[in-house]
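Each remark here refers to the structure printed beneath this line.
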Amino acid sequence: MLSATERSGLRASLLPSRQADLVELMASDEPVDYLEAVEAMEARIASIRDGEARECVWLLEHPPIYTAGTSAKESDLLIRDRFPVYKTGRGGEYTYHGPGQRVAYVMLDLNRRQRDVRLFVSALEEWVIRSLADFNITGERRQDRIGVWVQRPEKAALPDGSPREDKIAAIGIRLRKWVSFHGIAINVEPDLGHFGGIVPCGVTGHGVTSLVDLGLPVTMADLDIALRRNFQDLFGPLG
């Protein structure tokens, strides 16, 4: 967990080190094919690196798919023919993407900010946590688990007596010459049963939840407003 001092330091650390153009915000209304999205990100980060395009955040949804990060184990793919499976260069293990989940692909040039992978991941986690707080949800980090988690005291405790927790957001990034791509995925109202075809992020014993599953009638548009506001405080203005 980051201390209050560390959290306040994230903003100063990840803002551009010099005057820069606004980070472009893109949003897709219809689900985007995964391979098309990866191809578009690859092209965009090359242009960012060459100074030909602005940094970018892309908000979208995907059709139902599973993706395998660089640490994915074959045994964690439990149902092989359920949805298309894509191997991807992002960090992490297996995850699910589908309608009702807000994916935010973050294409930032850390050469203009700070070349610190751990700091960057912490800032992405903080972005999710602050955005969830706008809906009175306490999102938390865990040292031994990737992503953002919420406590579920109303559920039966684990066999060892520890409280049960559910994952509400996944994080997986890749850097190429210090320009980032891939990003975060927050569950708004996906079909949570679709996570049953994998061991999400290699974690057993805990579950997966969403904003709506927690009893909050939050729309994708509501979340986008929170994401935009909290991004600007950590990474700089969007436009």
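These numbers come from the heavy atoms of this one structure, side chains and all, not from hydrogens, waters or symmetry mates.
Remark: the Gln151 side chain and the Glu140 side chain contain an N/O donor-acceptor pair separated by less than 3.5 Å. Between the side chains of Arg152 and Thr209, at least one donor N or O lies within less than 3.5 Å of an accepting N or O. In this model, no donor atom of one side chain and acceptor atom of the other lie less than 3.5 Å apart for Tyr34 and His62. At a cut-off of 3.5 Å, with distance as the only test, no side-chain donor of Ser47 or Asp50 sits close to an acceptor on the other residue.
Distance NE2/His97 to CG/Leu60: 9.0 Å, rounded to 0.5 Å. With rounding to the nearest 0.5 angstrom, the CZ atom of Arg82 is 11.0 Å from the CG atom of Leu77. Taking CE from Met41 and CZ from Arg174, the interatomic distance works out to 10.0 Å, rounded to the nearest 0.5 Å. With values rounded to the nearest 0.5 angstrom, Asp222 atom CG is found 12.0 Å from Ser131 atom OG. Rounded to the nearest 0.5 angstrom, Tyr105 OH and Phe181 CZ are separated by 10.5 Å. Rounding to the nearest 0.5 Å gives a distance of 9.5 Å between CG of Asp233 and CD of Glu126.
For the pair Ala104 and Trp127, the tightest heavy-atom approach, listed with the atom from each and the gap, is CB-CH2, 3.9 Å. Nearest heavy-atom pair, Ala170 versus Thr95, reported as atom, atom and distance to 0.1 Å: CB-OG1, 4.1 Å. In terms of heavy atoms, Ile48 sits closest to Cys56 at CD1-N, 4.3 Å. Here the closest heavy-atom approach between residue Val117 and residue Trp178 is recorded as CG2-CZ3, 3.9 Å. Contact between Ser210 and Asp213 at its shortest, heavy atoms only, is OG-N, 3.0 Å. Contact record, Val212 with Val218: CG2-O, 4.1 Å, taken as the closest heavy-atom pair.
Contact check for Leu132 versus Val148: side-chain heavy atoms found under the 4.5 Å cut-off. Leu110 has its side chain out of reach of Gln114: every pair of non-hydrogen atoms, C-beta onward, lies at least 4.5 Å apart. Under the 4.5 Å side-chain criterion, counting only non-hydrogen atoms from C-beta, Thr138 is not in contact with Val150. Under the 4.5 Å side-chain criterion, counting only non-hydrogen atoms from C-beta, Leu234 is not in contact with Leu14. The shortest distance between side-chain heavy atoms of Phe135 and Leu214 does not fall below 4.5 Å. Annotation: side chain of Pro99 is not in contact with side chain of Pro63 (no heavy-atom distance under 4.5 Å).
There is a path of hydrophobic side-chain contacts, each under 4.5 Å, that joins Met26 to Val179. Phe231 and Ile173 fall within the same hydrophobic cluster, where Ile, Leu, Val, Met, Phe, Trp and Tyr residues are linked whenever their side-chain heavy atoms come under 4.5 Å apart, directly or through other members. Taken together through direct or relayed side-chain contacts under 4.5 Å among Ile, Leu, Val, Met, Phe, Trp and Tyr, Leu25 and Val32 form parts of separate hydrophobic clusters. With hydrophobic clusters built from ILVMFWY side chains whose heavy atoms lie under 4.5 angstrom apart, Leu216 shares a cluster with Leu223. When the side chains of ILVMFWY residues are joined at heavy-atom separations under 4.5 Å, either directly or via intervening members, Val188 and Ile168 end up in a single hydrophobic cluster.
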Practice item. Starting from the C-alpha separation in whole Å, work towards a yes-or-no answer on side chain to side chain contact (heavy atoms under 4.5 Å, CB included) for Val199 and Tyr94. Key: CA-CA 7 Å; Val199 178; Tyr94 279 103; over 6 Å; no
Exercise for review: Decide yes or no on side chain to side chain contact (heavy atoms under 4.5 Å, CB included) for Glu61 and Glu30, but give the supporting numbers first.
Suggested key: CA-CA 7 Å; Glu61 297 171 79; Glu30 298 296 327; over 6 Å; no
Exercise for review: Given side chain to side chain contact (heavy atoms under 4.5 Å, CB included), test Val57 with Met107 step by step and report yes or no.
Suggested key: CA-CA 6 Å; Val57 172; Met107 292 161 271; over 6 Å; no
Review point. Going through the checks in order, is the side chain to side chain contact (heavy atoms under 4.5 Å, CB included) test met by Leu227 and Ile186?
Key: CA-CA 10 Å; Leu227 287 171; Ile186 303 176; 3.9 Å; yes
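Classification of the Tyr96-Phe83 ring pair by plane angle, with boundaries at 30° and 60°, yields tilted.
The backbone N or O of Ser122 lies less than 3.5 Å from a partner atom in the side chain of Arg141, making a donor-acceptor pair. Not a single donor-acceptor pair under 3.5 Å links the side chain of Arg54 to the backbone N or O of Val23. When atom types are taken as modelled, the side chain of Asp224 and the backbone of Ala221 share no donor-acceptor pair closer than 3.5 angstrom. Asp134 places no side-chain N or O within 3.5 Å of a backbone atom of Arg229 that could act as its donor or acceptor partner. Between the His206 side chain and the Asp166 main chain, no donor and acceptor come within less than 3.5 Å of each other. Under a 3.5 Å cut-off, the side chain of Ser180 and the backbone N or O of Leu108 do form a donor-acceptor pair. In this structure a side-chain-to-backbone donor-acceptor pair under 3.5 Å is present from Gln232 to Leu238.
Around atom NZ of Lys155, more than 12 heavy atoms belonging to other residues, nucleotides or ligands sit under 6.0 Å away. A 6.0 Å sphere centred on CD of Glu52 holds more than 12 heavy atoms belonging to other residues, nucleotides or ligands. Open room surrounds CG on Asp81; 12 or fewer heavy atoms of other groups in view lie less than 6.0 Å from it. Sparse packing is recorded around CD1 of Ile146, with 12 or fewer heavy atoms of other residues, nucleotides or ligands lying under 6.0 Å away. With a 6.0 Å radius and a threshold of 12 heavy atoms from other residues, nucleotides or ligands, Glu189 has its CD atom at or below the threshold.
Between Arg44 and Glu42 there is no salt bridge, since no side-chain N of the basic residue sits under 4.0 Å from a carboxylate O of the acidic one. Glu55 has a carboxylate O that lies under 4.0 Å from a charged side-chain N of Arg113, or vice versa, which qualifies the two as a salt bridge. In summary, Arg80 and Glu74 engage in a salt bridge, as defined by a charged side-chain N under 4.0 Å from a carboxylate O. With salt bridges taken as basic N to acidic carboxylate O contacts below 4.0 Å, none links Arg49 and Asp109.
Geometric assessment of Arg145 against the ring of Trp149 yields a positive cation-pi assignment under the 6.0 Å and 45° thresholds.
For the side-chain contact (heavy atoms from CB on, under 4.5 Å) with His182, the qualifying choice from Thr88, Val106, Leu175, Thr67 is Thr88, the only one to do so.
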